Amino acid sequence: MLVPALPSWVEELQQKFGRLLRVPLRRETGWLRADIDAYERHIIDAVVDSVAHHAKERLAIYNRQYWFRLLSALQTEFPSLARLLGHWTFNGYAMKFLLQSPPQHFDLSHAADGFADFVREGYGAPERDSDAARIPPQRAVREATSIDESFRKIFQAPVSASEPLNADAVQVGTIKLRLATNVALIQEHWPLLDIRDAIRPEDESAAVLPERYLTPKHWLIQRTSSGFGRLALEPLEFTLLSLLDQSSLAEAIDRLDAVTPAESKDSLPDLIRSCLSICRKHGVLVAQPP
Amino acid sequence: MTTCLPSTRGSPRLRIARNALGLGLRQVHYTEVLESLPEVDYFEAISENFMTDAASPLHYLGRVRAKYPIVLHGVGLNLLGADFPDEEYLDRLCRLADLVDAPFVTDHLCFTSSEHHRHHDLLPVPHVPELVEVAAARAAYVQKRLGRPFGLENLSSYVSYKSSTLTEWDFISAIVEQADCGLLLDVNNVFVSSHNHSFDPKTYLERIDFSRVLQVHMAGHSRDPSGLIVDTHDHLVADSVWTLYKYAWQIGGPFPTLLEWDDKIPPLPVLVDELRKAMGARAC
């Protein structure tokens, strides 16, 4: 069946409408407002004016909706980061990112693809001098970004097509395992997961970042049928699972042994057995397809 | 009333009763829906939320589908965009429709993309005869690809074009007639656009062919500081929109009716209560 093309004048009109949507909102006044003087004459002239509502005013509704919808989507995808920075600062980064990378996917949540790298590469320069005093440390921002990215990854992951971990295969030791697609490992230096869990819809200001932990915490997060769960890991368990994701079981154990302090070596076999048992029970590891 | 919609793919298909009441399925209510099994006849899922390989959304959709019929409603088809058709999008939509055995699939009469950028908004087009031809051919193409009834929804809009030569109701009526497809009549959208563009919403309703109406949408709206009304889906349905619904039912009922709520979403019982107002409006 032939699918007819648009008349060229309609396509041109739509291109100009699309460019108008992407005109950034102004921030100088302390709130986001449409920059109606930046709209192209062609699209303004194409729209019906009325006594009560000028064409620019009508177009501004679409312009604002475009940005608010996308900013809200990015806040949803990166809640820890939005809470840590506060929505105002977060939106500043988000708008720069979206101007550089306008959405190309039909699923709104994918508008945030690439945002984590953008923040990791670009975070650091306060937008205004007054921001400098309360700007969170770069490492905390990167950690919050990575945490949100981990949740996104396991939420978007398909059902794993790999074989679940088999007890006999573990005995062989040469099998390659990897983390199931519905789990991720997180190393946490600030209580960012707690901050994430406590976010309320009305929280738009920046959270006060608590003191850094004396020693980092280690977590396994897992998408389950009822949401997300998290499991606290010992540092060596975290290291073992990280290594298993990169190498065979035998190699991972050798490498774990090499980094284990002398005083902990005696308990290492029990720790490995216990860790693998828990992983098998919760479907954390899958056998890597040949 | 009989519908003139085409039968598709031969086998008996799940149908939505003409007097059915449905709710838009939203993520915040997944668990509550499954635990409380509210007394509604069907749910409507946003297609793009489930056109994914991600396990989690599909898990919930499957569980809801086990209890209720599910119709699909899209926001990203881009029927009147230059980039149409996106065959990968259509492949995914067809697979999803087959998965839930959707009684019908709907999307909007608009464009949502230009220059390969997705705008994630429903943007109006000029109402001109040459776009009737284009839209009808494209809608017929989508319906054929789906192998099941497909319907087009009227927009809420804040701009109209100087180049338009047709009224919105004549434009959309001509398209669904020529495409031999369905109409998703959003009564709130009729009200919003009638306010923003100064036309009589009753005239709109009187000029459409209700035998093509697959479903009616109801939703809340807000007033912009400029005085324009914006289709925000974040309030109860306005009384004036219920009044218009009553008129639509009198001249064109019965038709399935579905409540949408997309922002500041209240607990599920509030939505069910709001939906039930349709029963009262029908009885008047």
Side-chain angles (χ1 to χ4, degrees), chain A residues 1-19 21-22 43 45-50 52-55 57-62 64-66 69-70 72-73 102-111 154-160 181-182 201 223-227, chain B residues 31 48-49 51-60 63 74-78 80-82 84-86 89 92 111-121 123 125-126 128 130-131 133-134 137-138 140-141 144-145 157-164 196-198 224 226-228 230 263-264:
Chain A
M1 182 186 281
L2 186 64
V3 179
L6 286 184
S8 57
W9 68 271
V10 175
E11 185 173 352
E12 187 185 346
L13 181 70
Q14 292 183 354
Q15 288 171 358
K16 294 193 183 300
F17 204 137
R19 289 173 205 157
L21 297 176
R22 296 194 294 275
I43 187 72
D45 289 344
V47 168
V48 174
D49 254 336
S50 66
H53 304 105
H54 190 271
E57 199 174 20
R58 293 173 176 273
L59 289 163
I61 291 179
Y62 291 100
R64 286 194 298 267
Q65 282 191 164
Y66 173 82
R69 184 172 287 119
L70 289 174
S72 176
Q104 297 195 346
H105 196 280
F106 59 79
D107 184 342
L108 181 59
S109 67
H110 283 280
I154 66 175
F155 180 79
Q156 292 174 354
V159 177
S160 175
T181 54
N182 67 331
R223 185 196 69 218
T224 68
S225 60
S226 57
Chain B
T31 307
E48 289 80 4
N49 290 354
M51 288 160 54
T52 171
D53 297 324
S56 193
L58 293 172
H59 165 79
Y60 282 105
R63 291 181 65 194
V75 293
L77 177 65
N78 192 31
L80 277 172
F84 182 91
D86 178 338
Y89 176 99
R92 285 180 174 271
F111 77 101
T112 60
S113 165
S114 59
E115 299 180 288
H116 305 291
H117 294 148
R118 298 272 181 173
H119 307 316
H120 296 287
D121 203 349
L123 304 171
V125 295
V128 292
E130 59 188 314
L131 280 186
E133 306 292 325
V134 174
R138 290 179 173 193
Y141 176 76
K144 188 174 180 189
R145 286 278 261 115
S157 63
Y158 319 112
V159 299
S160 56
Y161 297 98
K162 291 174 183 169
S163 52
S164 289
N196 293 339
H197 305 307
S198 303
D224 188 73
S226 66
L228 293 166
V230 182
D263 198 9
K264 302 175 192 164

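Every value quoted in this text rests on a predicted model; they were computed, and no experiment measured them. Every chain is numbered from 1 and lettered A, B, ... according to where its sequence line falls, protein lines coming before strand lines.
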Exercise. Please flag which part of B/S157 lies under 4.5 Å from any non-hydrogen atom of chain A: side chain, backbone, both or neither.
Key: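 Both backbone and side chain.
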
Using only atom types and a distance under 3.5 Å, with no angle test, would you say the side chain of [X] pairs donor to acceptor with the backbone of [Y]?
{"X": "A/Q14", "Y": "B/L123", "result": "no"}
{"X": "A/N182", "Y": "A/A157", "result": "no"}
{"X": "B/Y89", "Y": "B/M51", "result": "no"}

Quiz item: Knowing that exactly one of A/R69, A/R64, A/R22 qualifies, which makes a salt bridge (Lys or Arg N to Asp or Glu O under 4.0 Å) with B/D121?
Solution: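 With B/D121 as partner, A/R69, A/R64, A/R22 yield a single salt bridge (Lys or Arg N to Asp or Glu O under 4.0 Å), made by A/R69.
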
Name the option with the most non-hydrogen atom pairs under 4.5 Å to chain A; the candidates are [options].
{"options": "B/G76, B/S160, B/S163", "result": "B/S160"}
{"options": "B/L77, B/V230, B/L80, B/V75", "result": "B/L80"}
{"options": "B/H116, B/E115, B/E48", "result": "B/E115"}
{"options": "B/R63, B/R92, B/E130", "result": "B/E130"}
{"options": "B/D263, B/L228, B/V134", "result": "B/L228"}
{"options": "B/N196, B/T31, B/T112, B/L58", "result": "B/N196"}

Do [X] and [Y] come within less than 4.5 Å of each other through their side chains, counting heavy atoms only?
{"X": "A/T224", "Y": "B/H59", "result": "no"}
{"X": "B/S114", "Y": "B/H119", "result": "yes"}
{"X": "B/V128", "Y": "A/W9", "result": "yes"}

Exercise. Count the heavy-atom pairs under 4.5 Å between each of A/D45, A/I61, A/L13, A/L21 and chain B, then report the option with the highest count.
Key: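 Greatest number of close heavy-atom pairs with chain B: A/I61.
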
[X], part contacting chain B, at a heavy-atom distance under 4.5 Å:
{"X": "A/L59", "result": "both"}
{"X": "A/F17", "result": "side chain"}
{"X": "A/L70", "result": "side chain"}
{"X": "A/L108", "result": "both"}
{"X": "A/V10", "result": "side chain"}

Quiz prompt | Between CD1 on residue A/I43 and CD on residue A/E12, distance to nearest 0.5 Å | solution =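 Output value for this atom pair is 10.0 Å.
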
Quiz item: Which word best sums up how the rings of A/H105 and A/H110 line up, parallel for under 30°, tilted for 30 to 60°, or perpendicular for over 60°?
Solution: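 Rings of A/H105 and A/H110: tilted, 30 to 60°.
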
